[in-house]
Amino acid sequence: MKLPMSVDRSVIAPGATIGIIGGGQLGRMTAMAAARLGYRSHIFCPEEDCPASQVAPTTTAAYEDQAALTKFAGQVDVVTFEFENIPAESVRILSQTAMVRPNWHVLETAQDRVLEKSFFNSIDVATANWRPVRDLPDLVRAVGDLGRPSILKTARFGYDGKGQVRIDTATALEEAWAEMRGAPAIFESFVDFEREVSVIVARGPDGKALCFDVVENRHRHHILHQTIAPATISAAQASQAEAIAVQAAEKLDLIGLLAVELFVTRDGRLLVNEMAPRPHNSGHWTIDACSTSQFEQFVRAVCGLPLGNTTRHSDAVMTNLIGDDVNQWSDALRQPQTCLHLYGKTEARPGRKMGHVTRLFPFGRNGQSKN
Ligand code: AMP
């Protein structure tokens, strides 16, 4: 039985079905949070037995399968996504018949590092210096303009450091360009950062926006290893990071969540690295350390419900369980103040995110000295 819909059509009341494109752990944890608020979820994912399919009914079909997508859209009350490497064109077509939140244009911007950096610069938000690169002469010009060290990244479909080459004094540009395999790329000055931080903002259809605390992210082999909440940065830097996230969400007219990753430079400036219009690995700590988790907040924003309180009641250190780290699950269960989250993936391949643990600390003591 569906609860009566509000007269305000931007509100999708509990009882409705949320369609989630993408079936990884982010979809799984979103569906779990949605269920707590009385929603059903329906997943769309190309892989059989994906993590989200273990907790919600799933359509298994390719992201390019327009007929399957249209049928899926007819079975749900709102469509969102937990993964951004889905064809923006599929989502654009879908949005002609279904309510899609956030809008497909946000997806298009976040999918392409050139569009993404152009967007931030257009709203006066600083990034590393960059140049678009479409061929070897572009790369030679970019190196002439911005120098070395620097990084060449594929403009699209890169994640966890894939599709990136560092360009040092000795790097041959022909070889660096060959690694892009002809794909459009972006050349960025190397930022000698002090730390990497991120902030997640939720924005509802009424334009109200709320951030979670800014956190620090530490990577190993280009994959997020730990998130430390809160980040040890100044209050002014934290407010500036939040203001950037809110401004970006407003300019994109985003409904849902936006995660913004930033570098803090050694001279204290904030430079945006990238954004993701969905729940983010650096927000997993909120499940155990905040009154409202990023996943519940995502559901609230997408459904037009009042946003929840984002106050942090504990400090936290979230550690990803990558590949064989998952074998530590029983140790994690024995540790006090430690919350274990496993994603139901059967094969622990190297580099694969299998789960995470969040260790809680009394408010104001995030265990920095112990890590
Ligand atoms: P990305 O895929 O852009 O998130 O990059 C993955 C990681 O590579 C980042 O989290 C940084 O640690 C590093 N990185 C990316 N771009 C730069 C840059 N311009 N300068 C220094 N480090 C970078």
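All ligand and atom numbering here is 1-based and tracks the order in the structure. Residue numbers run from 1 in the order of the sequence given. All heavy atoms count here, side chains included; hydrogens, waters and symmetry mates do not.
- Screening Q226, H225, H284 against M318 for a side-chain contact (heavy atoms from CB on, under 4.5 Å) leaves a single residue, H284.
- Applying the salt bridge (Lys or Arg N to Asp or Glu O under 4.0 Å) rule to E89 yields the partners R92; only residues at least two apart in sequence or on another chain are considered.
- By the 4.0 Å heavy-atom criterion, F263 is counted among the residues contacting ligand 1.
- The side chain to side chain donor-acceptor pair (under 3.5 Å) search around Q25 returns K345, not counting sequence neighbours.
- By the criterion of a heavy-atom distance under 4.0 Å, the side chain of N273, and not its backbone, is placed next to ligand 1.
- Proximity of S150 to ligand 1 is not established, as no heavy-atom distance is less than 4.0 Å.
- Considering backbone and side-chain atoms alike, V191 places an N or O below 3.5 Å from some N or O of ligand 1.
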Margin query: Please determine whether salt bridge (Lys or Arg N to Asp or Glu O under 4.0 Å) holds for the pair E250 and R203, giving the CA-CA distance in whole Å, both sets of side-chain angles, and the decisive distance to 0.1 Å.
Written below: CA-CA 8 Å; E250 279 169 1; R203 185 171 179 271; 5.1 Å; no
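- Taking a cutoff of 4.0 Å between a charged side-chain nitrogen and a carboxylate oxygen, D145 and R131 qualify as a salt bridge.
- Relative to the ring axis of F190, R166 places its NZ or CZ within 45° and under 6.0 Å from the centre.
- Looking at R113, E196, Q164, it is E196 that brings a heavy atom closest to atom 10 (O) of ligand 1.
- Distances below 4.0 Å separate heavy atoms of F193 from the following atoms of ligand 1: 12 (O), 21 (C), 22 (N).
- Atom 15 (C) of ligand 1 has its nearest heavy-atom neighbour, among K153, E261, E188, E116, in K153.
- Distances below 4.0 Å separate heavy atoms of H219 from the following atoms of ligand 1: 10 (O).
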